[in-house]
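Heads up, the thing below is written out as structure tokens.
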Amino acid sequence: MMKRIFALVTVFVLLWGCAAAGETAEPEQPVYRIEEKKYPLYFTSTDIKSDNDFPLYFVDGADDLPFADLGDWCEVLRNFFGDAEGFEGYQLMATVEDMSPGIVFIERENGSTMTCDFDDGEIVFTDFNAFRSDSSGLYINLAAVSSSNPDVVDVLGVTSRRERRGKSLILELRRKYGIPMIAQDGKYLIPLQTLSYLNLSGINYSGFFNGKEMMICSVNEITNADRDMVMALFSNGFLSAELWGLAGTKTASYAERVAFCVEMISQADEEGRLFIEKQKEARKGSLAEMYYSAPGGKRSEALASYSYGELCMELDNEYGLQDAHNINGFAEYFAQTGLTDKLLDLDASVADAAVGELTDYWFDDGHSAFLSNSYLAEFAGETWNNGFSTMNSADRNDTIGNIRQKYTDADIPYYEFGDTAIITLDEFSIHPYYSKYSDYYRLAENGELADDTISRIIKAHRLITRENSPVRKVVLDLSYNGGGATNGAVFALCWFLGNAQVSFTDPVTGAESTVSFRADVNLDHQYDDRDNLSDLDLYCLISPESFSCGNLVPWAFKADGRVTLLGKTSGGGSCVVRRLSTSWGGCFQISGAQRVSFVKNGAYYDVDRGVEPDYFIRDYNNFYDRQALVEFINGLR
């Protein structure tokens with residue numbers, strides 16, 4: 001059994017002493033030419049810069065493939081998570097195994113370990129889920145509660161839980177994926193991207209390097225300026241499909257197409273011009289602007305080769321729908337779909353487009369999508385096709401949206417007709433961003449509740465439960481809800497059911513989790529029956545556009561049995577979104593390994609195919625003509 005050295009010093013102090021080499025029959029390890037360079041390091045924004053430049057290491061002349069020393073990296077994790085909300089008490093300690101200087105143990109305060117075996121070229125996690133977990137005490141904390149203590153009352157809290165730990169995870173980096181691990185000259189080097197995936201992707205963060213700076217931030221932070229502009233102009237009504245199509249006939253590149261539209265809008269509409277200037281101003285000084293300021297170019301052969309293996313490793317362990325897609329390993333899948341050569345191409349634009357084809361055409365699962373290009377490449381636009389499911393969903397979304405526009409009452413968040421209240425939630429959102437749930441007490445007291453899910457429900461609850469309220473039936477309209485924040489969905493469940501159970505599984509590690517939640521909807525600092533509507537007749541309106549969390553909620557209603565489902569079968573979407581980066585610097589998202597499930601007879605079942613309504617409504621006009629909907633409901637009893 002391997003003997004471990006336990007440090008008697010403060011956590012995060014790393015012991016880097018190599019034992020004297022003895023006689024061995026093992027083949028000699030290669031000697032690498034290693035060059036150290038230091039770069040500015042930014043955390044989450046350009047305003048937060050490390051006092052010291054961060055050392056990166058480059059092997060055998062590949063200056064676009066950075067490695068990090070485990071000692072330096074653990075110090076970065078300490079600094080980052082030490083200031084991160086939800087990771088209070090986060091600790092980490094690394095030691096070198098005394099009999100073999102090729103083994104480094106990294107242990108978290110919760111007892112989970114990450115063992116880096118440089119001799120065998122593998123990394124072993126005793127519990128991958130626990131190693132990436134926050135400090136709430138929950139094994140899988142997808143509702144972002146601050147504590148698992150049932151005695152702590154917050155706007156959203158935990159009352160009980162059942163958790164099954166996952167199996168150990170062995171990542172054969174060198175043998176299976178060609179990912180190098182180098183122990184040389186007292187340094188323990190692993191590629192920056194590999195460490196970023198293993199230690200940061202659990203919260204959708206990554207480490208980015210553009211040849212000039214290193215940054216640790218949310219994957220959502222690294223966005224393409226042109227694509228951001230297009231999305232903003234479309235969503236705010238300044239850019240039409242006709243203008244966008246015209247621009248496509250007059251320009252050769254995505255950047256030129258965007259520039260054409262910006263110029264046309266600026267010339268035609270003063271309000272549009274001011275909006276465009278505001279969008280550009282908001283981007284100034286951002287990490288994204290800094291990231292894309294670096295010069296582009298080709299990938300080195302070393303980076304392209306490593307990137308392919310790294311992507312295979314990440315997807316093998318992170319994509320949650322491998323069984324449904326009949327994927328037996330991503331190296332095989334890339335060969336079957338014709339993506340291998342594209343992903344290995346030295347042109348980063350070609351590799352970016354291959355990732356876009358993978359997520360948008362082949363995965364085609366409603367969650368997976370290409371997000372932004374590498375700093376090495378221009379954003380090529382969606383030069384790949386969307387999958388059949390995505391195109392069908394887009395057509396259906398347009399159809400439903402056009403019908404709904406005819407009924408002005410359908411857009412009202414809270415609508416009363418007779419004894420029926422209809423609450424419309426087109427997404428699940430939380431505001432302010434990164435705030436604690438306890439902030440809602442202060443916001444409500446000061447009359448500052450925003451237009452997010454929790455705030456809408458708090459306001460609706462006050463109206464429904466007001467003195468002499470006529471409301472006896474409540475309809476939650478999720479027919480246009482494409483998902484969003486899991487905690488917003490859980491809050492809605494608690495509002496209808498009181499005690500709400502949410503279950504997740506991880507098909508990669510085998511972990512299972514069922515957590516019971518309560519919500520303090522009336523903000524009186526206690527959980528009781530005055531926080532829910534379980535004494536009323538409850539309904540939920542769903543459609544094929546009820547996706548992700550918009551599918552989670554009706555599934556939970558179905559399992560509970562107290563809420564009547566109306567409409568058409570929901571759209572599915574069982575996986576929690578995982579946002580990742582590529583080692584050459586692009587960003588994408590996938591259906592992650594944690595899957596929403598329902599529990600029956602103690603077993604966990606997937607909800608990806610959607611849930612059937614109790615009462616079918618064929619015509620979407622009868623969804624959004626609120627009087628017709630209420631009459632339909634009244635006819636059920």
Side-chain angles (χ1 to χ4, degrees), residues 11 44 77-92 107-114 125-166 198-205 218 428-441 453-454 484-494 499-506 509 511-521 525-527 549 552 556 576-579 592-597:
V11 292
T44 69
L77 294 180
R78 176 185 69 82
N79 291 332
F80 175 73
F81 285 109
D83 294 330
E85 186 174 311
F87 284 84
E88 294 81 3
Y90 179 94
Q91 297 179 1
L92 200 70
E107 183 173 7
R108 272 198 60 181
E109 79 289 345
N110 60 18
S112 59
T113 62
M114 168 182 168
F125 288 90
T126 52
D127 190 332
F128 192 47
N129 301 94
F131 199 87
R132 301 201 295 181
S133 68
D134 61 20
S135 300
S136 67
L138 290 177
Y139 192 46
I140 300 176
N141 185 15
L142 295 178
V145 296
S146 58
S147 173
S148 59
N149 186 345
D151 297 325
V152 176
V153 176
D154 206 340
V155 167
L156 185 64
V158 173
T159 58
S160 64
R161 53 186 169 138
R162 162 184 155 168
E163 297 170 335
R164 174 184 174 182
R165 299 279 163 164
L198 296 176
N199 301 139
L200 296 173
S201 66
I203 58 170
N204 295 319
Y205 271 59
S218 166
F428 291 110
S429 59
I430 298 297
H431 181 88
Y433 196 51
Y434 284 144
S435 71
K436 296 181 179 179
Y437 290 126
S438 57
D439 286 348
Y440 284 93
Y441 293 107
T453 297
I454 289 180
T486 307
N487 36 7
V490 171
F491 194 85
L493 285 172
C494 292
N499 197 58
Q501 290 186 346
V502 181
S503 300
F504 294 92
T505 60
D506 186 327
T509 66
E512 298 173 344
S513 174
T514 297
V515 181
S516 296
F517 296 93
R518 288 297 299 265
D520 181 18
V521 181
H525 298 275
Q526 56 184 327
Y527 300 137
C549 286
L552 179 160
V576 175
V577 172
R578 176 69 69 219
R579 295 180 177 89
Q594 292 165 346
R595 292 162 64 168
V596 179
S597 306

| request: For residues Leu156 and Cys494, determine if any side-chain heavy atom of one lies less than 4.5 Å from a side-chain heavy atom of the other. | output: yes
| Can you check whether Tyr139 reaches Arg161 side chain to side chain, under 4.5 Å on heavy atoms? | no
| task | Measure the CG-OG distance between Asn141 and Ser147 for me, rounded to the nearest 0.5 Å. | result | 9.5 Å
| Within-4.5 Å side-chain heavy-atom neighbours: Thr159 and Phe517 | no
| Expected output: side-chain Asn204 to main-chain Arg579 donor-acceptor under 3.5 Å | yes
| message | Closer than 3.5 angstrom, by distance alone: can the side chain of Arg595 be matched with the main-chain N or O of Thr505 as a donor-acceptor pair? | response | no
| said: The test is side chain to side chain contact (heavy atoms under 4.5 Å, CB included); show your working for Arg578 and Gln594 and say whether it passes. | reply: CA-CA 9 Å; Arg578 176 69 69 219; Gln594 292 165 346; 4.0 Å; yes
| message | How long is the straight-line distance from CD1 of Ile430 back to OG1 of Thr486, given to the nearest 0.5 Å? | response | 9.5 Å
| Side-chain heavy-atom pair Thr113, Phe125 within 4.5 angstrom cut-off | no
| field | Straight-line distance of Ser148 OG to Leu138 CG, nearest 0.5 Å | value | 5.0 Å
| task | Nearest 0.5 Å please: distance from the CZ atom of Arg164 over to the CG atom of Asp506. | result | 11.5 Å
| In Å, rounded to the nearest 0.5 Å, how long is the span from CD of Gln91 to CZ of Arg108? | 9.5 Å
| So among Ile203, Asp134, Leu92, which one has a side chain to side chain contact (heavy atoms under 4.5 Å, CB included) with Phe81? | Ile203
| field | Distance-only side-chain donor-acceptor flag, Tyr437 / Asp520, under 3.5 Å | value | no
| message | For Ser146 versus Asp154, what's the shortest heavy-atom pair and its separation? | response | OG-OD2, 4.1 Å
| field | Spatial distance of atom CG (Leu142) from atom OG (Ser513) [nearest 0.5 Å] | value | 8.0 Å
| Are Phe80 and Thr44 close enough that some pair of their side-chain heavy atoms sits under 4.5 Å apart? | yes
| query | Do Val155 and Phe491 come within less than 4.5 Å of each other through their side chains, counting heavy atoms only? | reply | yes
| request: Could you pull out the closest heavy-atom pair between Ala485 and Ser429, with the gap in Å? | output: CB-CA, 4.3 Å
| task | Flag the pair Val145 / Asn487 as yes when at least one side-chain heavy-atom distance between them is below 4.5 Å, and no otherwise. | result | no
| query | Within a strict 4.5 Å, meaning less than it, do heavy atoms of the Phe128 and Met114 side chains meet? | reply | no
| field | Test item: side-chain donor near acceptor, Ser201 and Arg132, under 3.5 Å | value | yes
| request: Kindly say whether Leu77 contributes a backbone atom to a donor-acceptor pair with the side chain of Asn199 at under 3.5 angstrom? | output: no
| query | Hey, does the side chain of Ser112 reach the backbone of Asp127 with a donor-acceptor pair shorter than 3.5 angstrom? | reply | no
